[in-house]
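The analysis underlying the following values was restricted to heavy atoms, covering all of them including side chains, and did not include hydrogens, waters or symmetry mates. Below, chain A is the first sequence line, B the second, and so on; all start at residue 1. Nothing here was measured: the structure is a model prediction, and the numbers come from that model.
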Protein chains: 2
Amino acid sequence: MILEKKKMFNDFAAAKGLRSTRQRDIILDIFLSTHQHISVEDLYFKVKSSNPGVGHATVYRTLKLFVECGLAREVLFYDGQTRYEHVVAGEHHDHLVCTNCNSIVEFENETIEMLQNEIAARHGFQIKGHKLEIYGLCSSCRRQ
Amino acid sequence: MILEKKKMFNDFAAAKGLRSTRQRDIILDIFLSTHQHISVEDLYFKVKSSNPGVGHATVYRTLKLFVECGLAREVLFYDGQTRYEHVVAGEHHDHLVCTNCNSIVEFENETIEMLQNEIAARHGFQIKGHKLEIYGLCSSCRRQ
DNA sequence: ATTAATAATGAAAACGACTATCAAAACCAA
DNA sequence: TTGGTTTTGATAGTCGTTTTCATTATTAAT
Ligand SMILES: [Mn+2]
Ligand SMILES: [Mn+2]
Ligand SMILES: [Zn+2]
Ligand SMILES: [Zn+2]
C-alpha cells in the first residue's frame, strides 16, 4: 500500500523529469503515515520534529505535487487552513463537519452524486468536481 | 421588499442594542441595490463612490451584522474572496461555478436536501447548514 | 439643550496563510 | 569530477481580513 504509493510518486516524478530529493521522500513518508485531513502547518511540524532542516515552502510545494500526482486531495473546511487527505483509488466521499469540535465524518451517497450529474447536465455544465459539506453538531457535542 | 429588509435590520439592531448610524444605513442601501454574490471589496468601492468617508473596516463589520440578522449569507467560491448574497425568506439554493469564467448558476434540489438530512440523522448530526458547489465548465466556456 | 457614558468609526498596523524571490545547496547526466 | 539545472530554505512580500485605538457620533439622563 505505502510502497505502492511511493512508486506512484516516483513514477510521476520520473515522468515529469523531477529530481529525487531527500526532502520529498521525507514529506511523502510522513504524509503517508498520517490520517485524515492534515493541515500544511501540522504536517510541517511533524516533518520538522524528525527533520528540523526542512523548510516551510518545501512542504507547501511538495503537497501540491502530491495532489498533481493523484496521491492527495485538497480539502478546505473554512477554518482558513488548507488540509490534505489521502486519495483512495476509485473512492470518493464528502464530509460532515462538526462546527463545535471540528470532528469530521466521511460519507458516500451515490444518489446525490447522480443528482449532481443531472443538475450539471441540465445546465450544460461539464463537471470537474464538487464540494459537499454538511455542517452541524456531532452526536457527542449535541449532548453537552 | 427593500423597506421590509430595512425594517428587518432596524428591528435586529434595536433588539441587539446597536446604535443607528449613517454608515450602516448607507451600506445597507447599497447592499440591497446589488445582485448576486458581491465581494466585500466590490461593495466597499460601491460605497466609497458615493460616500468616500466610509472605511474599509466598517463595511466588513456591517456585512457580518447583515448575516447575523438574516439579511445576507456568506458565500465562498475559493477565489480567496468572501462574497455575500441576499437571503430570500424561505428559499435556499446551491451553486454551479464555472472554473473558467467564474459565472454562477443557482439551483435548488429538494431530493438532495432531503438526502442530506437523512445522512446527518444517520450519523447523529444536528444540521446547521451545508455547502454544495459543483465546479466545472459552463456551456459557453465548453464551446471555446 | 447640555452633559456624560458608551458605542461606532476609520486610519493604520497587525495578522495569518500562503507565495515569490534568490543565493546556496543538491542532483544528475556527461 | 564537472557543469548545467533543479531544488531548497530563509526571508520578504502578498492579500484578504481583523484588530487597535484615538477620535467622533449616538443616546439616555439631566
Ligand atoms: Mn475526507
Ligand atoms: Mn447564490
Ligand atoms: Zn462535535
Ligand atoms: Zn464559464
By side-chain hydrogen bond (donor to acceptor under 3.5 Å, both in side chains) - contacts of [X] (at least two apart):
X: Y78(B); result: Y78(A), K131(A)
X: Q126(B); result: none
X: N10(A); result: none

Just how far, in rounded Å, is [atom2] of [N] from [atom1] of [X]?
X: F9(B); N: dA8(C); atom1: CZ; atom2: C1'; answer: 12 Å
X: Y78(A); N: dA17(C); atom1: OH; atom2: P; answer: 16 Å
X: Y84(A); N: dA17(C); atom1: OH; atom2: P; answer: 14 Å
X: H56(B); N: dA13(C); atom1: NE2; atom2: C1'; answer: 14 Å
X: Q81(B); N: dT18(D); atom1: CD; atom2: P; answer: 13 Å
X: R24(A); N: dT8(D); atom1: CZ; atom2: C1'; answer: 10 Å
X: E74(B); N: dT17(D); atom1: CD; atom2: C1'; answer: 11 Å

- prompt: Closer to the 5' end of DNA chain D via nearest nucleotide, is it G80(B) or T62(A)?
  reply: T62(A)

query: Quick one: salt bridge (charged side-chain N to carboxylate O under 4.0 Å, His left out) pairs with a partner in residues 84-110 of chain A, sequence neighbours left out?
result: R73(A)-E85(A)

Ion pair check, D42(A) and K46(A), cut-off under 4.0 Å: no

message: Tell me if the centroids of the rings in F66(A) and Y84(A) come within less than 6.0 Å of each other.
response: no

- line: Residue pairs passing the side chain to side chain donor-acceptor pair (under 3.5 Å) test with at least one member in residues 50-66 of chain B, sequence neighbours excluded, are E41(B)-H56(B)

- request: Check which hydrophobic residues are tied to M114(A) through side-chain heavy-atom contacts below 4.5 Å, counting indirect links as well, and list them.
  value: none

- prompt: When Ile, Leu, Val, Met, Phe, Trp and Tyr are grouped by side-chain heavy atoms lying under 4.5 Å apart, directly or through other members, which residues fall in the same group as M1(A)?
  reply: none

query: Does any residue of residues 64-72 of chain B have a heavy atom under 4.0 Å from DNA chain C, and if so, which ones, in number order?
result: none

query: At under 4.0 Å, does any side-chain N or O of T58(B) touch on OP1 or OP2 of dA8(C)?
result: no

query: Taking only N and O in the side chain of Y60(B), is any of them less than 4.0 Å away from OP1 or OP2 of dT18(D)?
result: no

message: Just to be sure I understand the geometry, which residues of residues 35-49 of chain A put a non-hydrogen atom under 4.0 Å away from DNA chain D?
response: none

statement: Note: contacts of residues 25-33 of chain B with DNA chain D (heavy atom, under 4.0 Å) are none

task: Could you tell me which residues satisfy salt bridge (charged side-chain N to carboxylate O under 4.0 Å, His left out) with D29(B), sequence neighbours excluded, listed by chain and number?
output: K6(B)

- request: Nearest 0.5 Å please: distance from the CG atom of L76(B) over to the NE2 atom of H37(B).
  value: 11.5 Å

- request: Using the six-membered ring wherever Trp is involved, compare the ring planes of F77(A) and H95(A) and label them parallel, tilted or perpendicular (cut-offs 30° and 60°).
  value: perpendicular

Under 3.5 Å side-chain donor-acceptor pair for H92(A) and H130(A): yes

query: Looking for any heavy atom pair under 4.0 Å, which part of the strands does G53(B) touch: base, sugar-phosphate only, or nothing?
result: sugar-phosphate

query: Which letters describe nucleotides 19-30 of chain D, given B = protein heavy atom under 4.0 Å from base, S = only from sugar-phosphate, - = neither?
result: BB----BBS---

- request: Looking only at non-hydrogen atoms, find the nearest pair between V47(B) and I27(B) and report the distance.
  value: CG2-CG1, 4.2 Å

